[in-house]
Amino acid sequence: MSAPVINGKQVSEDIRGALREEVERLNKLGFTPGLAVVLVGEDAASQVYVRNKEKACHDLGYYSEVHRLSESTSESDLLALVDKLNKQEDIHGILVQLPLPKHINEKAVIDAIAVEKDVDGFHPVNVGNLVIGDDSLLPCTPAGVIELIKRTGIEISGKHAVVIGRSNIVGKPVSLLLQRENATVTMCHSRTANMKELTRQADILVVAIGRANFVDASYVKPGAVIIDVGMNRLDNGKLAGDVDFESVKEVSGPITPVPGGVGPMTITMLMQNTLIAAKRLRDQA
Ligand code: GUN
């Protein structure tokens with residue numbers, strides 16, 4: 001029998017419905033959460049992501065600013081814009097779309113974003129707070145993974161979670177969040193020896209290695225929960241996850257598809273972070 005498919009689109013719509021209601025309530029009190037997105041250059045995928053973020057703001061009643069800058073923008077001009085947005089009272093969240101052009105130091109730009117407006121959760125202070133378990137703005141995709149697992153009614157506490165991939169954006173933070181939820185966590189990556197021996201012990205397997213269809217049924221313990229964070233564009237233009245969905249779903253437990261699994265959760269978590277940041281800034285004002 002084939003495994004249940006985790007519907008990330010539906011979960012995402014449920015959360016967005018609650019966000020929309022909360023923003024309506026705040027609007028009536030004369031307060032509107034605001035998100036600024038900065039895009040430098042012409043990267044095609046980035047343009048799509050930024051349009052989707054703009055649309056989400058519009059759909060949920062947030063104030064939105066999108067700053068589209070030319071590829072040749074200097075680092076100092078970009079830093080000046082970030083500084084202006086840091087001080088702007090109607091902006092509560094700032095997201096600089098990555099990757100940036102090669103002549104710009106990504107780290108310098110991330111470090112310049114005000115910690116309390118860092119809705120990507122990439123600033124070192126927010127990363128540090130995540131590590132020590134203090135309140136912080138959480139990175140969107142990892143937060144979306146945890147939310148998706150919980151809202152599917154899956155218990156994380158006491159489970160063995162295996163994460164494949166150790167990126168700063170997904171693998172590392174998702175492993176910390178799983179630990180925070182009381183899972184026992186094993187991390188695997190491209191140099192891990194005998195990876196299958198480890199993944200076959202996983203009750204929850206999170207895959208974020210960036211290789212199309214990398215995980216097949218031979219990596220999976222029967223009944224395991226499979227969360228596929230991969231988004232790989234194939235030569236034929238189709239989107240593929242890091243998990244070979246067709247073979248894995250025959251042995252696994254609940255499994256996320258690509259598209260329609262983790263993907264829709266990322267922008268939803270960005271909108272949730274922006275609302276959290278907005279309320280904190282309002283309460284501090
Ligand atoms: N580019 C791809 N994913 C992301 C993300 O989550 N945040 C930002 N800022 N850029 C990205």
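Along the sequence shown, residues are numbered consecutively beginning with 1. Both ligands and their constituent atoms are indexed starting at 1 by order of listing.
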Visitor: When you measure from atom 1 (N) of ligand 1 to every protein heavy atom, which one gives the shortest distance, and what is it?
Guide: Leu98 O, 2.9 Å
Visitor: Can you confirm, on distance only, whether ligand 1 has an N/O atom lying under 3.5 Å from any N/O atom belonging to Phe122?
Guide: no
Visitor: Can you find a protein heavy atom under 4.0 Å from atom 9 (N) of ligand 1?
Guide: yes
Visitor: Considering only protein heavy atoms, which is closest to atom 7 (N) of ligand 1, and at what distance to one decimal place?
Guide: Asp120 OD1, 3.0 Å
Visitor: Output yes when a side-chain donor or acceptor of Asn273 lies under 3.5 Å from a complementary backbone atom of Leu137, and no otherwise.
Guide: no
Visitor: Going by atom types only, do Thr186 and His160 share a side-chain donor-acceptor pair under 3.5 Å?
Guide: yes
Visitor: If you measure every N or O of Pro99 against every N or O of ligand 1, does any of those distances drop under 3.5 Å?
Guide: no
Visitor: Just heavy atoms, cut-off under 4.0 Å: does Val96 contact ligand 1 by side chain, backbone, both, or neither?
Guide: backbone
Visitor: Quick test of your reading of the model: are Arg200 and Glu197 salt-bridged, counting only N-O distances below 4.0 Å?
Guide: no
Visitor: Looking only at heavy atoms, is any part of Leu95 under 4.0 Å from ligand 1, and if so is it the side chain, the backbone, or both, or is it neither?
Guide: side chain
Visitor: Taking 4.0 angstrom as the limit, do Glu13 and Arg16 come out as a salt bridge?
Guide: no
Visitor: Is it true that Lys221 and Asp203 make a salt bridge, defined as a side-chain N closer than 4.0 Å to a carboxylate O?
Guide: yes
Visitor: How about Gln88 and Glu65: does a side-chain donor come under 3.5 Å of a side-chain acceptor?
Guide: yes
Visitor: What protein heavy atom is closest to atom 3 (N) of ligand 1, reported as residue, atom name and distance in Å?
Guide: Gln97 NE2, 4.5 Å
